[in-house]
Amino acid sequence: MFQSRTHNCNELRLENVGEKVKIVGWMENVREVSGSLSFVVVRDFYGTSQIVAETEETIKQFRDITKESTISVEGTVRERASKNPNMPTGDIEIVPEKIQVLGRCRYNELPFQINHSRDADESTRLKYRYLDLRNPEVKNNIVLRCNVVSALRSSMTEQGFLEVTTPILTASSPEGARDYLVPARNHPGKFYALPQAPQQFKQLLMTAGFDRYFQIAPCFRDEDARADRSPGEFYQLDMEMAFANQDDVFSVLEEVLPPIFAKYGAYNIASSAPFTRIAYKDSMERFGSDKPDLRIALELQDATEVLANCGFEPFAGNCVKAVVVPSFTQTRKFIDKLCAEVEVQAGNKVYWFRLDENGELVGGISKFVTEHKDAVVAALGLKPGCFVGLSAGKTLAAQKTAGVLRKMLGASVDGLMNKERYEFCWIVDFPMYEIGEESGELEFCHNPFSMPNGGLEILNKVEAGEADPLEITAYQYDLVCNGIELSSGAVRNHDPEIMIKAFELVRMGEADVKAKFPAMYNAFSYGAPPHAGIAPGVDRMVMLLAGEDCIREIIPFPMNKNAQDLMMDA
RNA sequence: GGCCCAGUAGUUCAGUUGGUUAGAACGCCAGCCUGUCACGCUGGAGGUCGACGGUUCGAGCCCGUUCUGGGUCGCCA
């Protein structure tokens, strides 16, 4: 029978000198200093300890054990002759009396070296994730995740929120992403769907009288992956409050998140609560994005008036946006590469010119600008040595392209961005409706359950032709941190009458609401509270806290980009 | 599905205009070394240059096709 250890590998100190102990763990390294002196490093979850072998017999015994085997060492703690101040257990070492192999590593060579696993090919890391996770750097992200989840849970509970679990096997919801389906054995031809979010259930909980709900909720969406989006499944801190408005939701998260970011974050929080609120329209205007990275010290400028008619064909009749970088010293090669990358990402061209040290217009499309130089310099506030990047098109396209350019400049030009901090903001007042690109007709902009700003009244005005539907905003909001959309939420539309009216404006009606969302429609007809909620992504939050750029670094067993589990799937 | 990038030793990478036997570091194996801690020193083993086809006297390098991986657009109420 296996006898338990007396101490873990991070526990022993000077005061333990002389004690008989037993430690267990993975044999990380052997350093043979001579034929009669060798040091062995044993690692467990908690840390590492040094074993010293001083007899030829012990040295040979360790030499015959392959690295990364699990071993147990019983022996006596001794003060080291030469201490290692960088190691918590660096003052002591263990003189072994009994050494046992518990689990032999059958390979001399591993797929990668444990302590350098982060440098290895990612497919190999995922296939041997259990080895990858032995690397303390990798493991620590998972520990961080656990701590963050635990902190979120207690903070929400402290705020009076009740954790309620909602079904995993449920009915498909017609809106949104692609579902994952599970065959229903008792109902041939029918399927359960895994929830894309507990959206409807939490709203039904509100209707049932639960006042404050939350859940660390697994969500399933069959969509393609990104660096900050793992395929298939992810977790949200899903929450909903009854008899509440937008400000109520904001103050909960402004209370819950900052202390957790302060305690567990790799960087400092730059934005104190209450977080900056930026209207969607302003965000597009100033940053060319609805998830602006406020760490970047650049804003878009409008150059339509001074440049639309400068004679440069692509600008004619278009909206023109400019991003100006003062004291720009990068090479022509850099600019070309930058423009090419923006073009790929934005699907739209970028143009540029520079005002050199002598105040002369040079490079790019400067010859088209020369004639209007004074006006352009004045309008954009240009100083010698600056770079001007330009985009053109319909307003939204020009904004988005300039937004991509802004982001790339921020990431690649020194001095534009202090990366080591957290900048939060709320994006508010999203439009309720938009003209669909394919249909060319009025459509819901986001989800159809948000409360329109102005309620039934404004919808009636639209119907009467007295208001523009495209001007209606919804009580819909995003929480953004460092250019990453952490969360989306809304004040919900809890009134069936307003719901039907909202659907009628997009050529649907009561029958559609009933057919698509029967439970919610029925429930709301029995007296529903005004309610609002939000659902911050846990994975993305941990990713930000860990200072990682890739979501897989903070998931214990991630799938690859193609939604395959390389470890389990032979 | 589109676009971009990468694929060379167990691992991370270098490889010049197409030219002799494809290199380095780490790891592995052997030997030396009495206080190492990324130990050090000496030596050794280890390669279908992702795959297939083409151009050429000659291809890791050029061309075509394809596979794999990552990033991104579409998509993600």
Side-chain angles (χ1 to χ4, degrees), chain A residues 28-43 48-56 59 63 66-68 78-87 89-91 93 107-128 131 173-179 195-197 199-200 219-232 234 337 340-348 400 404 407-408 430 432 434 437-438 443-450 474 476 485 488-490 492 516-517 535 537 549-550 552 560-562 564 566:
Chain A
E28 183 173 284
N29 196 15
V30 178
R31 291 186 289 269
E32 276 191 41
V33 174
S34 78
S36 56
L37 181 67
S38 136
F39 299 98
V40 179
V41 181
V42 180
R43 179 194 70 241
T48 55
S49 288
Q50 177 171 289
I51 316 295
V52 58
E54 292 166 312
T55 65
E56 272 183 40
I59 289 169
R63 192 185 291 153
T66 45
K67 284 184 193 174
E68 291 303 317
R78 185 172 79 184
E79 182 171 0
R80 284 201 203 180
S82 48
K83 301 187 172 54
N84 183 350
N86 301 319
M87 212 175 150
T89 61
D91 285 346
E93 62 200 1
Y107 304 94
N108 285 338
E109 287 192 283
L110 302 170
F112 43 74
Q113 287 162 256
I114 300 296
N115 284 334
H116 297 101
S117 70
R118 286 179 60 113
D119 297 332
D121 172 68
E122 203 179 347
S123 302
T124 315
R125 292 180 64 195
L126 293 183
K127 179 169 181 189
Y128 299 96
L131 295 182
S173 176
E175 295 287 325
R178 274 182 293 266
D179 281 323
Q196 296 178 22
Q199 183 66 34
Q200 299 198 60
C219 304
F220 306 90
R221 292 178 194 173
D222 186 5
E223 298 295 348
D224 287 344
R226 290 287 182 279
D228 64 353
R229 196 169 85 200
S230 71
F234 60 98
K337 198 175 161 218
E341 277 179 33
V342 173
E343 207 174 315
V344 167
Q345 268 203 42
N348 197 6
K400 282 184 175 173
V404 174
K407 211 172 142 181
M408 291 221 173
F430 277 87
M432 183 87 185
E434 65 185 353
E437 267 179 40
E438 282 174 27
E443 289 175 2
F444 285 116
C445 212
H446 289 78
N447 79 58
F449 304 113
S450 305
Q476 167 120 25
E485 183 192 319
S488 216
R492 320 298 175 185
K516 287 189 166 183
F517 311 100
D549 292 324
C550 173
R552 291 183 291 276
N560 70 2
K561 175 187 142 106
N562 298 321
Q564 295 165 306
L566 297 177

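So that the names make sense, note that chain A is the first sequence line, chain B the second, and so on, each numbered from 1.
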Base of [N], side chain of [X] - is there a donor-acceptor contact under 3.5 Å?
X: Asn108(A); N: C28(B); result: no
X: Arg80(A); N: C37(B); result: yes
X: Gln113(A); N: G27(B); result: no
X: Arg229(A); N: C76(B); result: yes
X: Arg178(A); N: G74(B); result: no
X: Lys561(A); N: U68(B); result: no

Does OP1 or OP2 of [N] have a side-chain N or O of [X] closer than 4.0 Å?
X: Ser34(A); N: U34(B); value: yes
X: Asn29(A); N: C37(B); value: no
X: Asn560(A); N: G69(B); value: yes
X: Lys83(A); N: G35(B); value: no
X: Arg31(A); N: C39(B); value: yes
X: Gln345(A); N: C3(B); value: no
X: Arg552(A); N: G70(B); value: no

Roughly how many Å apart are [M] and [N], using the [atom1] atom of each and rounding to a whole number?
N: G15(B); M: C32(B); atom1: P; value: 39 Å
N: C67(B); M: U55(B); atom1: C1'; value: 23 Å
N: G23(B); M: C28(B); atom1: P; value: 23 Å
N: U48(B); M: U65(B); atom1: P; value: 27 Å
N: C62(B); M: C5(B); atom1: P; value: 13 Å
N: U17(B); M: U11(B); atom1: P; value: 29 Å
N: A51(B); M: C61(B); atom1: P; value: 10 Å
N: C39(B); M: G27(B); atom1: C1'; value: 16 Å

Whole angstrom is fine here: how far is it from [atom1] in [X] over to [atom2] in [N]?
X: Lys400(A); N: G74(B); atom1: NZ; atom2: C1'; answer: 12 Å
X: Asp549(A); N: G70(B); atom1: CG; atom2: C1'; answer: 14 Å
X: Asp179(A); N: C75(B); atom1: CG; atom2: C1'; answer: 14 Å
X: Met408(A); N: C4(B); atom1: CE; atom2: C1'; answer: 11 Å
X: Asp228(A); N: C76(B); atom1: CG; atom2: C1'; answer: 11 Å
X: Glu122(A); N: U68(B); atom1: CD; atom2: P; answer: 17 Å
X: Glu343(A); N: C3(B); atom1: CD; atom2: C1'; answer: 11 Å
X: Asp121(A); N: G69(B); atom1: CG; atom2: C1'; answer: 7 Å

With heavy atoms under 4.0 Å as the rule, sort [X] into base, sugar-phosphate or nothing.
X: Asn115(A); result: nothing
X: Glu28(A); result: nothing
X: Gln199(A); result: base
X: Arg78(A); result: base
X: Ser123(A); result: sugar-phosphate
X: Asp224(A); result: base
X: Asp222(A); result: nothing

Which residue, Glu223(A) or Gln50(A), contacts RNA chain B at a nucleotide closer to its 5' end, judged by nearest heavy atom? Gln50(A)
Let me spell it out: for each of Gln200(A) and Asn86(A), pick the nucleotide of RNA chain B with the closest heavy atom. Which residue's pick is nearer the 5' end? Asn86(A)
Where the side chain of [X] meets the backbone of [Y], is there a donor-acceptor pair that is under 3.5 Å apart?
X: Glu79(A); Y: Asp91(A); value: no
X: Thr89(A); Y: Thr48(A); value: yes
X: Arg221(A); Y: Gln196(A); value: yes

Where the side chain of [X] is concerned, which of [options] is the nearest nucleotide?
X: Glu93(A); options: G35(B), A77(B), G71(B); result: G35(B)
X: Val33(A); options: A77(B), G35(B), G27(B); result: G35(B)
X: Arg226(A); options: G69(B), C75(B), U34(B); result: C75(B)

For the atom pair [atom1] ([X]) and [atom2] ([Y]), what is the distance rounded to the nearest 0.5 Å?
X: Glu68(A); Y: Leu110(A); atom1: CD; atom2: CG; result: 6.0 Å
X: Asn560(A); Y: Arg125(A); atom1: CG; atom2: CZ; result: 13.5 Å
X: Ser450(A); Y: Arg492(A); atom1: OG; atom2: CZ; result: 7.0 Å

Does the structure show Phe112(A) stacking with U11(B), if we require the centres to be closer than 5.5 Å and the planes to be within less than 30 degrees of parallel? no
I would like to know whether Asn348(A) and Glu343(A) meet side chain to side chain contact (heavy atoms under 4.5 Å, CB included); could you show each step before the answer? CA-CA 5 Å; Asn348(A) 197 6; Glu343(A) 207 174 315; over 6 Å; no
Paired stems touching RNA chain B, three or more consecutive Watson-Crick or G-U pairs with both distances under 3.5 Å? B:1-7 with B:67-73, B:10-13 with B:23-26, B:28-32 with B:40-44, B:50-54 with B:62-66
Is the shortest side-chain N to carboxylate O distance from Arg552(A) to Glu122(A) below 4.0 Å? yes
Return yes when atom [atom1] of [X] has more than 12 non-hydrogen atoms of other residues, nucleotides or ligands closer than 6.0 Å, and no otherwise.
X: Glu56(A); atom1: CD; answer: no
X: Lys337(A); atom1: NZ; answer: no
X: Asn562(A); atom1: CG; answer: yes

